[in-house]
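Presented below is the structure to which this report refers.
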Amino acid sequence: MTIKHILGNWKMHGQKKQAIELTQAIVAFKIPENVKTAVFPPFTSLHIVASELIASKIALGAQDCSNEIGGAFTGDISTLMLAEAGCKYVIVGHSERRAQHNESSELVKHKAEAAISAGLIPVICVGENIGERESGTYLQAITKQTKDSLPSLAHSSKFIIAYEPVWAIGSGKTPSLAEITEVHKTIASLLSYDTSVAKHDAVKTAIVYGGSVKPENAREILASEGVDGVLVGGASLKAEEFCKIIESAA
Ligand code: PGA
(Lines give C-alpha, C1' and ligand atoms only; values in the text may rest on other atoms or scores of the structure.)
Protein backbone atom coordinates (compact mmCIF):
# COMPACT_ATOMS: atom_id res chain seq x y z
CA MET A 1 0.00 0.00 0.00
CA THR A 2 1.43 3.36 -1.02
CA ILE A 3 0.86 5.96 1.65
CA LYS A 4 -0.10 9.46 0.45
CA HIS A 5 -0.09 12.54 2.70
CA ILE A 6 -2.81 15.11 2.06
CA LEU A 7 -2.09 18.23 4.10
CA GLY A 8 -4.34 21.30 4.27
CA ASN A 9 -2.70 24.62 5.10
CA TRP A 10 -5.47 27.06 6.04
CA LYS A 11 -3.04 30.01 6.38
CA MET A 12 -4.58 33.12 8.03
CA HIS A 13 -8.15 32.35 6.99
CA GLY A 14 -11.37 31.96 8.92
CA GLN A 15 -12.38 32.22 12.53
CA LYS A 16 -13.97 29.79 14.96
CA LYS A 17 -17.22 29.29 13.01
CA GLN A 18 -15.49 28.52 9.71
CA ALA A 19 -12.92 26.31 11.42
CA ILE A 20 -15.64 24.19 13.04
CA GLU A 21 -17.73 23.92 9.87
CA LEU A 22 -14.75 23.03 7.70
CA THR A 23 -13.48 20.44 10.18
CA GLN A 24 -16.89 18.82 10.60
CA ALA A 25 -17.32 18.52 6.84
CA ILE A 26 -13.91 16.86 6.43
CA VAL A 27 -14.46 14.55 9.41
CA ALA A 28 -17.72 13.34 7.83
CA PHE A 29 -15.77 12.17 4.78
CA LYS A 30 -14.43 8.60 4.69
CA ILE A 31 -10.64 8.80 4.46
CA PRO A 32 -9.16 6.04 2.25
CA GLU A 33 -6.90 3.59 4.05
CA ASN A 34 -3.71 4.65 2.29
CA VAL A 35 -4.20 8.35 3.02
CA LYS A 36 -2.74 10.29 5.95
CA THR A 37 -4.53 13.62 6.27
CA ALA A 38 -3.86 16.63 8.44
CA VAL A 39 -5.25 20.13 8.68
CA PHE A 40 -3.21 23.19 9.70
CA PRO A 41 -5.54 25.85 11.16
CA PRO A 42 -4.40 29.21 12.58
CA PHE A 43 -3.04 28.98 16.17
CA THR A 44 -6.21 30.34 17.77
CA SER A 45 -8.34 27.60 16.20
CA LEU A 46 -6.06 24.69 17.17
CA HIS A 47 -7.95 23.77 20.35
CA ILE A 48 -11.40 23.89 18.81
CA VAL A 49 -10.29 21.92 15.75
CA ALA A 50 -8.52 19.38 18.00
CA SER A 51 -11.79 18.72 19.83
CA GLU A 52 -13.63 18.22 16.51
CA LEU A 53 -10.95 15.76 15.35
CA ILE A 54 -11.20 13.45 18.37
CA ALA A 55 -11.94 9.91 17.15
CA SER A 56 -11.26 10.87 13.53
CA LYS A 57 -8.36 9.73 11.35
CA ILE A 58 -7.42 13.33 10.62
CA ALA A 59 -4.40 14.78 12.37
CA LEU A 60 -3.76 18.34 13.50
CA GLY A 61 -0.84 20.57 12.54
CA ALA A 62 0.32 24.12 13.13
CA GLN A 63 1.61 26.54 10.50
CA ASP A 64 4.80 27.61 12.28
CA CYS A 65 6.66 27.31 15.58
CA SER A 66 9.51 28.87 17.51
CA ASN A 67 12.95 27.30 17.49
CA GLU A 68 13.10 28.01 21.24
CA ILE A 69 11.68 25.78 23.97
CA GLY A 70 10.39 28.65 26.11
CA GLY A 71 11.33 32.01 27.60
CA ALA A 72 11.12 35.70 26.77
CA PHE A 73 9.98 35.41 23.16
CA THR A 74 6.90 37.62 22.89
CA GLY A 75 4.44 36.42 20.30
CA ASP A 76 6.12 33.08 19.65
CA ILE A 77 4.68 29.59 20.19
CA SER A 78 6.88 26.66 21.23
CA THR A 79 6.69 23.15 19.89
CA LEU A 80 5.84 21.86 23.40
CA MET A 81 2.80 24.16 23.41
CA LEU A 82 1.77 22.83 20.00
CA ALA A 83 2.16 19.23 21.13
CA GLU A 84 0.01 20.01 24.17
CA ALA A 85 -2.62 21.59 21.90
CA GLY A 86 -2.92 18.25 20.11
CA CYS A 87 -0.66 18.85 17.10
CA LYS A 88 1.13 16.01 15.37
CA TYR A 89 2.71 18.13 12.63
CA VAL A 90 4.10 21.63 12.19
CA ILE A 91 4.98 23.44 8.95
CA VAL A 92 8.39 25.12 9.03
CA GLY A 93 10.04 27.31 6.40
CA HIS A 94 6.95 28.04 4.33
CA SER A 95 7.97 30.50 1.61
CA GLU A 96 5.55 33.09 3.03
CA ARG A 97 7.47 32.99 6.33
CA ARG A 98 10.84 33.00 4.58
CA ALA A 99 9.80 36.05 2.50
CA GLN A 100 7.58 38.01 4.89
CA HIS A 101 9.45 37.26 8.13
CA ASN A 102 12.96 36.96 6.77
CA GLU A 103 13.38 33.39 7.97
CA SER A 104 16.70 31.83 7.01
CA SER A 105 17.27 28.15 6.27
CA GLU A 106 19.38 27.98 9.43
CA LEU A 107 16.41 29.13 11.51
CA VAL A 108 14.15 26.67 9.67
CA LYS A 109 16.57 23.85 10.54
CA HIS A 110 16.44 24.83 14.22
CA LYS A 111 12.64 24.97 14.12
CA ALA A 112 12.58 21.49 12.57
CA GLU A 113 14.88 20.20 15.32
CA ALA A 114 12.70 21.81 18.01
CA ALA A 115 9.66 20.12 16.44
CA ILE A 116 11.31 16.69 16.46
CA SER A 117 12.44 17.16 20.08
CA ALA A 118 8.82 17.80 21.06
CA GLY A 119 7.65 14.68 19.22
CA LEU A 120 6.15 16.62 16.30
CA ILE A 121 6.72 15.89 12.62
CA PRO A 122 8.01 19.01 10.86
CA VAL A 123 6.85 19.63 7.29
CA ILE A 124 9.90 21.44 5.93
CA CYS A 125 9.11 23.64 2.91
CA VAL A 126 11.60 24.38 0.15
CA GLY A 127 11.21 25.71 -3.38
CA GLU A 128 12.68 27.96 -6.01
CA ASN A 129 11.48 31.44 -6.95
CA ILE A 130 10.57 32.44 -10.48
CA GLY A 131 14.01 33.93 -11.20
CA GLU A 132 15.74 30.68 -10.24
CA ARG A 133 13.30 28.65 -12.35
CA GLU A 134 13.71 30.85 -15.43
CA SER A 135 17.49 31.12 -15.21
CA GLY A 136 17.78 27.34 -14.89
CA THR A 137 19.49 27.48 -11.48
CA TYR A 138 16.52 26.00 -9.62
CA LEU A 139 18.07 22.62 -8.83
CA GLN A 140 21.13 24.25 -7.27
CA ALA A 141 18.90 26.66 -5.32
CA ILE A 142 16.65 23.87 -4.03
CA THR A 143 19.64 21.67 -3.17
CA LYS A 144 21.24 24.40 -1.08
CA GLN A 145 17.99 25.38 0.61
CA THR A 146 17.16 21.76 1.43
CA LYS A 147 20.62 20.93 2.80
CA ASP A 148 20.63 24.09 4.92
CA SER A 149 17.10 23.51 6.26
CA LEU A 150 17.33 19.84 7.18
CA PRO A 151 17.65 18.52 10.71
CA SER A 152 20.18 15.78 11.29
CA LEU A 153 19.54 12.83 8.95
CA ALA A 154 19.40 10.48 11.89
CA HIS A 155 15.83 11.74 12.09
CA SER A 156 15.02 11.22 8.42
CA SER A 157 11.83 9.26 8.89
CA LYS A 158 10.59 11.86 11.31
CA PHE A 159 10.13 14.75 8.91
CA ILE A 160 8.34 15.52 5.67
CA ILE A 161 9.72 17.74 2.93
CA ALA A 162 7.31 19.87 0.92
CA TYR A 163 8.51 21.01 -2.49
CA GLU A 164 6.65 24.25 -3.11
CA PRO A 165 7.84 26.40 -6.03
CA VAL A 166 7.23 29.96 -4.82
CA TRP A 167 5.79 30.98 -8.22
CA ALA A 168 3.20 28.17 -8.06
CA ILE A 169 1.75 29.14 -4.68
CA GLY A 170 -1.68 30.73 -5.03
CA SER A 171 -1.00 31.51 -8.70
CA GLY A 172 -2.92 28.76 -10.46
CA LYS A 173 0.34 27.78 -12.21
CA THR A 174 2.05 24.43 -11.62
CA PRO A 175 5.23 22.87 -12.93
CA SER A 176 4.81 20.02 -15.41
CA LEU A 177 4.68 16.52 -13.94
CA ALA A 178 8.18 15.85 -15.31
CA GLU A 179 9.44 19.00 -13.59
CA ILE A 180 7.86 17.96 -10.28
CA THR A 181 9.44 14.50 -10.52
CA GLU A 182 12.83 16.01 -11.40
CA VAL A 183 12.85 18.09 -8.22
CA HIS A 184 11.47 15.31 -6.03
CA LYS A 185 14.23 12.98 -7.30
CA THR A 186 16.83 15.64 -6.61
CA ILE A 187 15.58 16.09 -3.05
CA ALA A 188 15.36 12.32 -2.55
CA SER A 189 18.95 11.95 -3.75
CA LEU A 190 20.06 14.40 -1.05
CA LEU A 191 18.52 11.99 1.44
CA SER A 192 20.19 9.17 -0.51
CA TYR A 193 17.02 7.37 -1.36
CA ASP A 194 16.09 6.05 -4.78
CA THR A 195 12.48 7.09 -5.49
CA SER A 196 11.95 4.05 -7.70
CA VAL A 197 12.84 1.57 -4.96
CA ALA A 198 9.62 0.75 -3.18
CA LYS A 199 11.26 -1.28 -0.43
CA HIS A 200 12.48 1.96 1.12
CA ASP A 201 8.87 3.04 1.63
CA ALA A 202 8.72 2.11 5.28
CA VAL A 203 11.63 4.31 6.29
CA LYS A 204 11.99 6.93 3.60
CA THR A 205 11.20 10.59 4.14
CA ALA A 206 7.96 11.61 2.47
CA ILE A 207 8.34 14.35 -0.14
CA VAL A 208 5.09 16.13 -0.93
CA TYR A 209 4.31 18.72 -3.59
CA GLY A 210 2.57 22.06 -2.93
CA GLY A 211 1.49 24.99 -5.11
CA SER A 212 -1.92 25.41 -6.78
CA VAL A 213 -3.04 21.84 -6.11
CA LYS A 214 -6.74 21.51 -6.97
CA PRO A 215 -9.20 18.64 -7.50
CA GLU A 216 -8.52 18.98 -11.26
CA ASN A 217 -4.76 18.32 -11.06
CA ALA A 218 -4.40 16.36 -7.81
CA ARG A 219 -4.79 12.90 -9.28
CA GLU A 220 -2.00 13.21 -11.84
CA ILE A 221 0.33 15.00 -9.43
CA LEU A 222 -0.25 12.32 -6.77
CA ALA A 223 0.40 9.59 -9.34
CA SER A 224 3.75 11.13 -10.39
CA GLU A 225 6.96 9.33 -9.53
CA GLY A 226 8.46 10.47 -6.25
CA VAL A 227 5.35 12.33 -5.05
CA ASP A 228 4.26 11.13 -1.60
CA GLY A 229 1.43 13.59 -1.15
CA VAL A 230 0.36 17.20 -1.49
CA LEU A 231 0.34 20.34 0.65
CA VAL A 232 -2.80 22.24 -0.28
CA GLY A 233 -3.48 25.92 0.45
CA GLY A 234 -6.51 27.58 -1.16
CA ALA A 235 -8.34 24.37 -2.05
CA SER A 236 -8.10 23.11 1.55
CA LEU A 237 -10.48 25.87 2.66
CA LYS A 238 -13.39 24.29 0.78
CA ALA A 239 -14.34 20.92 2.25
CA GLU A 240 -15.68 19.62 -1.03
CA GLU A 241 -12.46 20.41 -2.91
CA PHE A 242 -10.22 19.12 -0.13
CA CYS A 243 -12.18 15.85 0.09
CA LYS A 244 -11.97 15.42 -3.69
CA ILE A 245 -8.19 15.76 -3.41
CA ILE A 246 -8.17 13.18 -0.61
CA GLU A 247 -10.26 10.87 -2.77
CA SER A 248 -7.89 11.20 -5.71
CA ALA A 249 -5.08 9.78 -3.56
CA ALA A 250 -6.93 6.50 -3.00
P1 PGA B 1 -1.91 27.06 -2.70
O2 PGA B 1 -0.89 27.15 -1.45
O3 PGA B 1 -2.43 25.65 -2.75
O4 PGA B 1 -2.99 28.06 -2.40
O5 PGA B 1 -1.13 27.40 -3.92
C6 PGA B 1 -0.03 26.10 -1.14
C7 PGA B 1 0.80 26.47 0.07
O8 PGA B 1 1.18 27.64 0.23
O9 PGA B 1 1.11 25.60 0.90
Side-chain angles (χ1 to χ4, degrees), residues 4-14 18-19 22 26 35-43 45-46 49 58-65 87-103 105 108 111-112 115 120-130 132-133 138 142 145-146 149 159-177 179-180 183-184 187 206-222 224 227-249:
K4 299 284 180 185
H5 299 263
I6 311 293
L7 312 174
N9 174 11
W10 295 0
K11 307 194 180 183
M12 199 171 73
H13 290 292
Q18 291 89 349
L22 183 52
I26 302 168
V35 174
K36 288 194 180 179
T37 312
V39 291
F40 296 74
F43 288 131
S45 293
L46 286 174
V49 172
I58 301 160
L60 185 68
Q63 298 172 18
D64 184 39
C65 63
C87 290
K88 178 174 176 189
Y89 300 95
V90 59
I91 296 171
V92 295
H94 190 282
S95 63
E96 286 152 16
R97 304 247 10 130
R98 289 180 188 264
Q100 296 158 9
H101 297 268
N102 250 327
E103 294 194 4
S105 291
V108 173
K111 288 185 175 201
L120 300 176
I121 299 173
V123 179
I124 304 163
C125 300
V126 296
E128 82 280 7
N129 59 37
I130 189 67
E132 290 158 342
R133 170 57 66 174
Y138 58 97
I142 294 163
Q145 203 183 36
T146 306
S149 304
F159 58 82
I160 292 175
I161 297 179
Y163 166 50
E164 297 206 305
V166 179
W167 52 273
I169 294 175
S171 66
K173 294 182 196 143
T174 53
S176 69
L177 300 179
E179 286 168 340
I180 292 174
V183 174
H184 280 234
I187 294 172
I207 304 171
V208 304
Y209 168 80
S212 295
V213 175
K214 304 181 281 271
E216 297 77 35
N217 60 19
R219 189 176 300 274
E220 56 179 18
I221 291 173
L222 284 162
S224 299
V227 177
D228 301 307
V230 286
L231 177 54
V232 187
S236 73
L237 293 168
K238 294 185 193 122
E240 203 191 328
E241 293 196 8
F242 191 59
C243 292
K244 275 190 189 150
I245 295 171
I246 293 173
E247 206 167 26
S248 61

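Ligands are counted one by one from 1 in listed order, and the atoms in each one are counted from 1 as well. Starting from 1, each residue takes its place in the sequence as its number.
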query = Using 30° and 60° as the class limits, which term best fits the ring planes of His184 and Tyr209: parallel, tilted or perpendicular?
reply = tilted
request  = Begin with the C-alpha distance, continue with both residues' side-chain angles, and end with the deciding distance and a verdict on side chain to side chain donor-acceptor pair (under 3.5 Å) for Gln63 and Trp10.
outcome  = CA-CA 8 Å; Gln63 298 172 18; Trp10 295 0; over 6 Å; no
ask   = Heavy-atom distance under 4.5 Å between the side chains of Ser105 and Gln145, does that happen here?
value = yes
Phe43 CZ to Cys65 SG distance, which is reported to the nearest 0.5 Å = 7.5 Å
Are there any protein N or O atoms under 3.5 Å from the N or O atoms of ligand 1? List them with distances, or say none.
from, atom 1, to, atom 2, distance (Å)
ligand 1, 2 (O), Lys11, NZ, 3.4
ligand 1, 3 (O), Gly233, N, 2.8
ligand 1, 4 (O), Gly234, N, 2.9
ligand 1, 5 (O), Gly170, N, 2.6
ligand 1, 5 (O), Ser212, N, 2.8
ligand 1, 8 (O), Lys11, NZ, 2.7
ligand 1, 8 (O), His94, NE2, 2.7
ligand 1, 9 (O), His94, NE2, 3.3
ligand 1, 9 (O), Glu164, OE1, 3.3
ligand 1, 9 (O), Glu164, OE2, 2.7

inquiry  = Between Glu220 and Asn217 (side chain of the first, backbone of the second, donor and acceptor by atom type, cut-off under 3.5 Å), is there such a pair?
reply    = no
ask   = If we only count heavy atoms from C-beta on, is the Arg98 to Val126 side-chain gap below 4.5 Å?
value = yes
